[in-house]
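This is a predicted model, so every value here is computed, not measured. When reading the values below, keep in mind they use all heavy atoms of this one structure, side chains included, and skip hydrogens, waters and symmetry mates.
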Amino acid sequence: MYNKYVELVKTRQSCGEFNDQPVDKNEVMEIAELAMLSPSACNSQPWKMYVVTDENKVKAFAESLQERGRNAFVSGAKAFIAVSEKQATLKPDIEKKFDRNHFVKYDIGELVAYLTLGAKAKGLETCIIGWIN
């Protein structure tokens, strides 16, 4: 089993070119749901995920990522999982010691790692786009 994990990690890359194969909405939902099991500080799960698979919404979402001529390759994507931050809820003793959002970026990083590895395990290629607009 460990060898499968090693192969998964070694073969996962950021994709800059997508094929014309359709992506099954249920598979994307399954990847997102499983990724929610990723660890987070105090199990705060400080994220919200949006699964975008409708063809028109995928096109509009791709366009929103191409501000100032960047990321043109995302026009070929067939689905997106958008992740946004939300405020963490920490245990009181932890919150006394740390800012409420101290761990959020780490937690989201772990979530995105689970997303990309889950997609790879399903035979889907991914590319993480960090975009704030």
_Please check this pair: side chain of N101 against backbone of V104, looking for a donor-acceptor N/O pair closer than 3.5 Å._
no

*Partners meeting side-chain hydrogen bond (donor to acceptor under 3.5 Å, both in side chains) with K59 (sequence neighbours left out)*: none

*Between I108 and P46, which heavy-atom pair has the shortest distance, and what is it?*
CD1-O, 3.7 Å

_For the student: nearest non-hydrogen atoms of V58 and A79, plus distance_ = CG2-CA, 4.1 Å

*Verify same cluster id: I128, V23 (apolar side-chain graph, 4.5 Å)*: yes

*asked:* Is there a path of hydrophobic side-chain contacts, each under 4.5 Å between heavy atoms of I/L/V/M/F/W/Y residues, joining M49 to L124?
replied: yes

*asked:* Tell me which pairs pass salt bridge (charged side-chain N to carboxylate O under 4.0 Å, His left out) where either residue lies in residues 34-43, with sequence neighbours left out.
replied: none

*Determine, step by step, whether R70 and L65 satisfy the side chain to side chain contact (heavy atoms under 4.5 Å, CB included) criterion, reporting the C-alpha distance in whole Å, the side-chain angles of both residues, the deciding distance to 0.1 Å, and the verdict.*
CA-CA 7 Å; R70 294 192 170 125; L65 296 173; over 6 Å; no

_Restricting to ring pair (Phe, Tyr, Trp, His ring centres under 6.0 Å), what partner residues turn up for F103, sequence neighbours left out?_
F98

_Spacing of CG belonging to D24 relative to CE belonging to M29, to within rounding of 0.5 Å_ = 11.0 Å

*Closest contact, heavy atoms only, A32 versus I81*: CB-CD1, 4.2 Å

*Please name the pair of heavy atoms, one in C15 and one in E125, separated by the smallest distance, quoted to 0.1 Å.*
CB-CB, 3.7 Å

*Q66 CD: over 12 foreign heavy atoms closer than 6.0 Å*: yes

*From the options T11, L115, T126, select the one residue that forms a side chain to side chain contact (heavy atoms under 4.5 Å, CB included) with K120.*
T11

*asked:* With rounding to the nearest 0.5 angstrom, report the OG1 to CD distance, T89 to E95.
replied: 8.0 Å

*Linked, directly or transitively: I31 and V51 (ILVMFWY side chains, under 4.5 Å)*: yes

*Find out whether K97 and H102 are in side-chain contact, i.e. whether some heavy atom of one side chain is under 4.5 Å from a heavy atom of the other.*
no

*With sequence neighbours left out, what residues match K86 under side-chain contact (heavy atoms from CB on, under 4.5 Å)?*
none

*Contact list for residues 39-56, test side chain to side chain donor-acceptor pair (under 3.5 Å), sequence neighbours left out*: N43-Q45

*With K4 via salt bridge (charged side-chain N to carboxylate O under 4.0 Å, His left out) - residues at least two apart*: none

_Parallel, tilted or perpendicular: ring planes of F80 versus F61, cut at 30 and 60 degrees_ = tilted

*Are Y2 and L117 grouped together when hydrophobic residues (ILVMFWY) are joined by side-chain heavy atoms under 4.5 angstrom apart?*
yes

_How long is the straight-line distance from CG of N3 back to NZ of K10, given to the nearest 0.5 Å?_
9.5 Å

*Does a side-chain heavy-atom distance below 4.5 Å link Y114 with P39?*
yes

*Atom of S38, atom of L111 and distance for their closest heavy-atom approach*: OG-CA, 3.4 Å

*Contact summary for F73 and C127, nearest pair of heavy atoms*: CZ-SG, 3.8 Å

